[in-house]
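Numbers restart at 1 for each chain; the letters A, B, ... are given by sequence-line order, proteins then strands. Heavy atoms only: backbone and side chains are in, while hydrogens, waters and symmetry mates are out.
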Amino acid sequence: MANWRERTYCGEINLGHDGQSVVISGWVDTVRDHGHLLFIHLRDIKGLIQVVFDPTVATDMVVARSLRSEFVVTVSGVVRRRADDTVNSKLLTGEWEVVAHHMEILNKALTPPFAISDKEVDGAVCVDEDLRLRYRYLDIRRPSVQSSLVTRHAILQEVRRFLSDHQFIEVDTPVLTKSTPEGARDYLVPSRVHQGSFYALPQSPQLFKQLLMVGGLDRYFQITKCFRDEDLRPNRQPEFTQIDLEASFIDEEFIMQLVEGLLHRVFAVRGIELPSPFPRLTYADSMNRYGNDHPDLRFGLPMIDVTETVRSVNYNIFKTIISSGGRIKGINVKGQSDKLSKNVLQEEFAKKVVPSLGAKGMTWMRVENNQLVSNIVQFFTDSEQSALRQVMQAEDGDVLMFIADSSPRLVNDVLGRFRCYVADFLGIIPSDVVAPCWVTDFPLFELIDGQLSAMHHPFTQPSGTIDSGMNRDTLASVSARAYDVVINGVEIGGGSIRIHSPEQQTTIFEILGLSESDIRQKFGFFIDAFKYGAPPHGGLAIGLDRLVAMVLGTDSIRDVIAFPKNRMAVCPMTQAPDTVDPEQLSDLGVAVTVPVVR
RNA sequence: GGGGGCGUAGUUCAGCUGGUUAGAACGCCUGCCUGUCACGCAGGAGGUCGAGGGUUCGAGUCCCUUCGCUCCCGCCA
């Protein structure tokens, strides 16, 4: 019945169709009934076209007058160039219209709970997200959402082609797999055949891709779902997609160059140019200058340590903090003095924003007439002021802001976040700049409550040699052959050169506190594999959802996932997760011990 | 788990120090309209103010509890 052989897409009607008969199918976007003539905009995935129903031509005027928004129709008619004074310049197809001869309503539609048409000024862009997700199929019908998913597709195509061109083989790995310690909480799947045992959904295909290297596949990639049962954020979903890759007989440089090339191609999908090569900074530099391991390099405002500069200043707060081993760091907001009133600096920033970020307070100074101006400047001698101006590279019109705390870690953390807050507040983050970088030389371990744990993951190769006889502090200072790629302050991907020696891998597990039986039970197959000739290898994984969101300039990966879950990890459309029949639980040998409230 | 914000018509929102019958815009329905395109004109319908409790002569507004959504922190090798 459907005339798909002759179908023309609404959004593709152009000069080439002038005077031709066409069949178009889609959804009614708007209806304008003039009593005599009736116009509709018909929408499909390619765009909109105006259809004219003229009673002297159309055979179905009565039916046409019953059309409502979102009815599904197919129209056959003739493409006609519009009269000059009726061209709609807001429409890509605005020079053309289809004069309807026949029209068939394929399906009626209820009035949608929110506007579908992106033409609506107060349109669905601002509609409550939970409502959009409940009717996600309607939300997807909106051109802006379709466009995001089409871009995601285009990016996936680029990734596949680029990696295939570089001799990478796409292999898929199991979704039902084995739970391993460390990392995030697992999603578990009970086994019916082996009651009391569980599969875990993979947090990443890490072990499998390394085993593919042992299998001699040399270069592997996969675009795959990963699962982590942790609390959600705008850029964190319980299931998300990774571009996972691994290669043998390579080093860090290979991976970095490959990924830079890949990212250039991906951003080119939307005509965005990236610098080449990406700037690199070490973990230590990043922490010191930006307060975290995912620096936003779109704007300046690096953090400057002034602890030594103000060590002798006779200001009690600073003296107390310095004597207890604390640090004082600042940022110089260049030339923004007139935009930062005393009220904002003191009442807003110092009393509200900074405390909410976790520090006790914030000290600020203006630079005027080559002098520091502040309520605490009286405690500084002329030479101390001069030294401070020099360290901060302070000039007239600048505002200096300092955070001091007895915990150097807290200073980094709070000032790092405050730096971003101030940049956003002042609107000095350029919207047309994409600033990628590599962060390297991560610590291999971090010390959490006196226990060493892997910072990246336990398969990362140390930069030097280590052995289980080394003490904790020594081990905590060992760096890893790991690297993260960061764009605009968002970690987009990360990876490392892996351990390929069974002895070294065992040593790492031991350092992490795994017993010999734990190692055998959890990773025995993995260590065994290394005993049969594992090649040196390494790789990286990119968060596809974050990458697509970055290309599209949106903050939430929910905008680039067809059916995302909400903040509570619930799908508002299907209402998953849900209870199951007692028989299902019985089959699985699973008993629910919490009261079920729905 | 901790902290912040929000919840009023189908949608997006307004609703003052508590005070008649809770409003606007868009959408929806009916009619009119020969070129509109955010069509226009005339008329109309539509509300458990998230839920429960309390204070009060009187609660959308104040208090308590609770539910939902959202943002930040924790968490996320």
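- Residues passing the side chain to side chain contact (heavy atoms under 4.5 Å, CB included) test with K351(A), sequence neighbours excluded: Q346(A), E347(A).
- Atom name C1', nucleotides rC13(B) and rC76(B): the rounded distance is 36 Å, in whole Å.
- For the pair R185(A) (side chain) and D229(A) (backbone), a donor-acceptor distance under 3.5 Å is present.
- Atom CG in L131(A) sits about 13 Å away from atom C1' in rG68(B), given to the nearest Å.
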Which atoms of nucleotides 41-47 of chain B (N or O only) lie under 3.5 Å from a protein N or O atom, and what are those distances?
none

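- When the P atom of rU34(B) is taken as reference, atom CG of L38(A) falls 13 Å away, rounded to whole Å.
- By the side chain to side chain contact (heavy atoms under 4.5 Å, CB included) test, S515(A) pairs with S517(A), D518(A), sequence neighbours left out.
- Side-chain nitrogen and oxygen atoms of H34(A) include none within less than 4.0 Å of the OP1 or OP2 phosphate oxygen of rU36(B).
- Under the 4.5 Å side-chain criterion, counting only non-hydrogen atoms from C-beta, H17(A) is not in contact with W96(A).
- Note on residues 405-414 of chain A: pairs passing salt bridge (Lys or Arg N to Asp or Glu O under 4.0 Å), not counting sequence neighbours, are K360(A)-D405(A), D413(A)-R417(A).
- The nearest whole Å value for the distance from the CD atom in Q237(A) to the C1' atom in rU70(B) is 14 Å.
- Atom CZ in F114(A) sits about 18 Å away from atom C1' in rA9(B), given to the nearest Å.
- The stretch residues 555-568 of chain A touches RNA chain B through R558(A), N566(A), R567(A), M568(A), each having a heavy atom under 4.0 angstrom from the strand.
- In the interface, the side chain of R132(A) is not paired with the base of rU11(B) through any donor and acceptor atom under 3.5 Å apart.
- Not a single donor-acceptor pair, N or O on each side, falls under 3.5 Å between the base of rC69(B) and the side chain of D130(A).
- By the side-chain hydrogen bond (donor to acceptor under 3.5 Å, both in side chains) test, S147(A) pairs with no residue at all, sequence neighbours left out.
- For the pair D33(A) CG and rC32(B) C1', the interatomic distance rounds to 10 Å; values are reported in whole Å.
- Residues S204(A) and Q242(A) bring no donor and acceptor atom of their side chains to less than 3.5 Å of each other.
- Taking atom P on both nucleotides, rG53(B) is separated from rG58(B) by 15 Å, rounded to a whole Å.
- Projected onto RNA chain B by closest heavy-atom contact, H36(A) and R546(A) fall at different nucleotides, the more 5' of which corresponds to H36(A).
- The nucleotide rC6(B) finds its pairing partner in rG68(B), both defining distances of the Watson-Crick or G-U wobble pair being shorter than 3.5 Å.
- Checking rG40(B) for Watson-Crick or G-U wobble geometry (two distances, each under 3.5 Å) identifies rC32(B) as its partner.
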Pairs under 3.5 angstrom only: tabulate donor-acceptor contacts from the side chains of residues 84-92 of chain A to other protein residues two or more places apart or in another chain.
unit_1: T86(A); atom_1: OG1; unit_2: A83(A); atom_2: N; d: 3.4
unit_1: T86(A); atom_1: OG1; unit_2: A83(A); atom_2: O; d: 2.9
unit_1: N88(A); atom_1: OD1; unit_2: K90(A); atom_2: N; d: 2.9

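- A heavy atom closer than 4.0 Å to some atom of RNA chain B occurs in R417(A), these being the qualifying members of residues 409-425 of chain A.
- The list of salt bridge (Lys or Arg N to Asp or Glu O under 4.0 Å) pairs with a residue in residues 563-573 of chain A, not counting sequence neighbours, reads E239(A)-K565(A).
- Neither side chain, D559(A) nor S148(A), offers a donor N or O lying under 3.5 Å from an acceptor on the other.
- Contacts of P295(A) classified as side chain to side chain contact (heavy atoms under 4.5 Å, CB included), with partners at least two apart in sequence or in another chain: L281(A), S286(A), Y290(A), N292(A), L297(A), C437(A), V439(A), V486(A).
- Stacking between F39(A) and the base of rU36(B) is present: ring centres sit under 5.5 Å apart and the planes differ by under 30 degrees.
- Contacts between residues 227-235 of chain A and RNA chain B, counted as heavy-atom distances below 4.0 Å, involve R228(A), E230(A), D231(A), R233(A), P234(A).
- Across residues 50-68 of chain A, Q50(A), R68(A) each have a non-hydrogen atom less than 4.0 Å from an atom of RNA chain B (numbered order).
- For the C1' atoms, the distance from rG10(B) to rG46(B) is 9 Å, rounded to whole Å.
- Straight-line distance between the P atoms of rC72(B) and rC26(B): roughly 35 Å, to the nearest whole Å.
- The nearest whole Å value for the distance from the CG atom in D85(A) to the P atom in rG35(B) is 12 Å.
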